[in-house]
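Counting starts at 1 for both ligands and their atoms, following the listed order.
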Amino acid sequence: MKVLKFGGTSVGTVDSLINVKKIVESGETSQIVVVSALGGLTDRLIATANMAAAGDSSYLQEMEAISLRHFNIISQLIPEDKRAGVLDRVSKLLTELKRNYDGVYLIRLLPVRTLDMIVSYGERMSSVIVAALIEGAELHDSLSFVKTEKWFSKNIADQKLTYSLIRKEFENFSGIAVVPGFISTDRDTGDVTNLGRGGSDFTAALIAAALDAEILEIWTDVDGFMTADPRIIPSAKVVPNMSFVESMELCSFGAKVIYPPTIYPVFHKNIPIKILNTFNPTAPGTLITESAPLPDFPVKGISAIKGTTLFTLKGDTASNVPQINSRTFNAMARKGITVFLVSQPDGSGAFSFAVAEADADSAAELLASEFAPELAKGALAEISRSDDLATIAVVGENMKNRNRLGPRVRNTLFRDGIEVVAFSEGVSDTNISCVIPLPHLNRALELIHALFF
Ligand code: ADP
Ligand code: ASP
Ligand code: MG
């Protein structure tokens, strides 16, 4: 059995939906098809919610436009015998959605719970449409079998419970199932939640892992995983093979093509992932497996995280502060903050680490309280913070064995006058990363891409 996931652009228009129908109907007899909301809809659902919360009555026009977009697709695509049924189901969902917006407008407040409910309608509607579009497909509701639990302010998948519910849902199943991606329910409260932006990939991975699928296919709008983001580097090339670890590194460092948590469940079960193009279905795509053949050439790709904040703990005695690293990591973990780069140049007495810009304020508070005694005594001279930075990751298996890659990256940037604020060759040998000023990001990516590809 295969699990296929079609992203927003793949289900965004009449033409792209026709491609989806062809791909699935010409495929194997047993397939689970996970779909995102119509392209761009999640952003629009959020923007409309914010309008309503701000007391802007034009949320009503937005609501009209959202309805019209769905009705148009239904009337152009769904055969007459099924059309009334689909219109009825989607209209009911739209009515519920509008009721949510009206409530937000009335109280001028947008609680997270309500926003989670609002965004869920995107996938709930698209899945009804796709299930009716594909001959013989059956709709399954992921709200009943994808479960989350609270982790700090986030909702994370309760993998064990979700696996057992998925297995129950699809016991003895054969045929074509359509499943809304992204959406879930809280295991304790039953509230509607989601797996985070881009989370439909993760829904598909959870299903693939729970059911021991033969492959997870991610259908999107590019020919495969590329050597860099093609929107920034137009000369980026498709990478035919990649290892799980390489894809994990590239995605954790900003390659948007797969939502990072997606890779763990399938990696664990050794289920290959294929990245394929809905708009060019015969292109070979990228195959991600446990160990991709090592190319002659060590670097597989480059990715970047735009909003980066760097903290530096300074002082001659910085290295003497007991367990400075572990205390920093533990402090960050208390709020679920990921540290994605650490740099501790020999003999500098300074310890730097990078977090996402969105986590920076919380990180600053945590640091100030964790190291308050050392700051008061002067054991730490200061904790400095630099914003408006970006992190670039150069990724490939076995990079440490190829000499001088790190210095080549640094020198390339240096020659162009781009300051490297922090640099790390990583704990693993699959990643070299550097922090640079955000305004130089695109230029730096161009230079590094040209250096390696
Ligand atoms: P979907 O709606 O199918 O989930 P996404 O927009 O989430 O699609 O992901 C696909 C997009 O990811 C591509 O259109 C491309 O612009 C972007 N992208 C960023 N980095 C890469 C990369 N290294 N390889 C391929 N695509 C990338
Ligand atoms: N529709 C959701 C989003 O835009 C989930 C997804 O597309 O994967 O984030
Ligand atoms: Mg995506």
Side-chain angles (χ1 to χ4, degrees), residues 4-13 16-17 19-20 23 34-47 115-116 118-127 130 142 146 179-184 193-206 216-240 242 246-263 273-280 283 285-286 288 299-306 392-396 441-442 445 448-449 452-453:
L4 291 77
K5 177 262 173 175
F6 290 92
T9 45
S10 301
V11 297
T13 63
S16 66
L17 279 161
N19 291 356
V20 171
I23 291 164
V34 176
V35 293
S36 291
L38 306 192
L41 192 78
T42 308
D43 285 338
R44 192 155 192 187
L45 289 170
I46 296 169
L115 183 62
D116 283 349
I118 287 172
V119 292
S120 76
Y121 286 98
E123 271 73 6
R124 285 155 100 176
M125 294 191 286
S126 65
S127 57
V130 175
S142 42
V146 180
V179 172
F182 176 59
I183 59 177
S184 47
T193 56
N194 60 64
L195 301 175
R197 295 305 306 274
S200 297
D201 296 338
F202 192 29
T203 307
L206 291 169
L216 166 63
E217 292 182 355
I218 307 273
W219 289 84
T220 183
D221 60 351
V222 283
D223 275 347
F225 213 123
M226 308 183 86
T227 49
D229 184 343
R231 287 166 302 186
I232 302 174
I233 308 292
S235 61
K237 300 182 197 66
V238 174
V239 182
M242 199 177 261
E246 287 168 336
S247 64
M248 217 158 0
E249 292 276 8
L250 285 167
C251 292
S252 312
F253 280 88
K256 197 195 162 205
V257 61
I258 313 177
Y259 181 50
T262 305
I263 300 158
I273 307 176
K274 220 167 188 191
I275 312 292
L276 294 156
N277 190 349
T278 305
F279 303 89
N280 184 17
T286 298
I288 303 172
V299 177
K300 278 292 173 64
I302 299 163
S303 57
I305 300 179
K306 271 191 186 154
I392 294 181
V394 178
V395 171
L441 176 61
N442 288 5
L445 284 170
I448 299 175
H449 194 265
F452 290 121
F453 299 101

Out of all atoms in ligand 1, which are within 4.0 Å of some heavy atom of [X]? Include the element for each.
{"X": "Thr9", "result": "2 (O)"}
{"X": "Ala228", "result": "22 (C), 23 (N)"}
{"X": "Gly224", "result": "24 (N), 25 (C)"}

Mode of [X] contact toward ligand 1 - side chain, backbone, both, neither (heavy atoms, under 4.0 Å):
{"X": "Val222", "result": "side chain"}
{"X": "Pro230", "result": "side chain"}
{"X": "Asp221", "result": "side chain"}
{"X": "Lys256", "result": "both"}
{"X": "Lys5", "result": "side chain"}

**Request:** Starting at CG of Leu195, measure out to OG1 of Thr262 and round the result to the nearest 0.5 Å.
**Result:** 9.0 Å
**Message:** With rounding to the nearest 0.5 angstrom, report the OG to CZ distance, Ser10 to Phe279.
**Reply:** 5.0 Å
Minimum heavy-atom separation for [X] to [Y], with atom names?
{"X": "Gly122", "Y": "Leu41", "answer": "CA-CD2, 3.6 Å"}
{"X": "Pro180", "Y": "Arg124", "answer": "CB-N, 4.5 Å"}
{"X": "Val222", "Y": "Asn277", "answer": "O-CB, 3.2 Å"}

**Request:** State the atoms of ligand 2, each with its element, that fall below the 4.0 Å cut-off from a heavy-atom position in Arg197.
**Result:** 3 (C), 4 (O), 9 (O)
**Prompt:** Going by the order shown, which atoms of ligand 2 are within less than 4.0 Å of some heavy atom of Ser36?
**Reply:** 6 (C), 7 (O), 8 (O)
For a 4.5 angstrom cut-off between non-hydrogen side-chain atoms, does [X] reach [Y]?
{"X": "Phe182", "Y": "Val119", "answer": "yes"}
{"X": "Asp43", "Y": "Arg197", "answer": "yes"}
{"X": "Phe225", "Y": "Cys251", "answer": "yes"}
{"X": "Met242", "Y": "Leu250", "answer": "yes"}
{"X": "Ile302", "Y": "Leu445", "answer": "yes"}

**Prompt:** Is the closest heavy-atom distance from Gly199 to ligand 2 below 4.0 Å?
**Reply:** yes
**Asked** Has Gly198 got any heavy atom lying under 4.0 angstrom from an atom of ligand 2?
**Response** yes
**Request:** Please state whether Ser36 comes within less than 4.0 angstrom of ligand 1, counting heavy atoms only.
**Result:** no
**Heavy atom of Gly39, distance to ligand 1 below 4.0 Å** = no
For [atom], what's the nearest protein heavy atom and its distance?
{"atom": "atom 17 (C) of ligand 1", "answer": "Arg231 NH2, 3.5 Å"}
{"atom": "atom 19 (C) of ligand 1", "answer": "Asp229 CG, 3.3 Å"}
{"atom": "atom 10 (C) of ligand 1", "answer": "Thr220 OG1, 3.4 Å"}
{"atom": "atom 24 (N) of ligand 1", "answer": "Met226 N, 2.9 Å"}

**Complete:** Sorted by chain and residue number, the salt bridge (Lys or Arg N to Asp or Glu O under 4.0 Å) partners of Asp229 (sequence neighbours excluded) come out as Arg231
**Prompt:** Would you say Ser10 has any N or O atom under 3.5 Å from an N or O of ligand 1, going by distance alone?
**Reply:** no
**Asked** Based purely on interatomic distance, does Gly8 place a nitrogen or oxygen under 3.5 Å from a nitrogen or oxygen of ligand 1?
**Response** yes
**Message:** Taking side chain to side chain donor-acceptor pair (under 3.5 Å) as the definition, give me every residue that meets it alongside Asn442, ordered by chain and number, with sequence neighbours left out.
**Reply:** none
**Asked** Got a salt bridge between Asp201 and Lys256, using NZ or NE/NH1/NH2 to carboxylate O under 4.0 Å?
**Response** no
**Prompt:** Has ligand 2 got any nitrogen or oxygen that is less than 3.5 angstrom from a nitrogen or oxygen of Asp201?
**Reply:** no
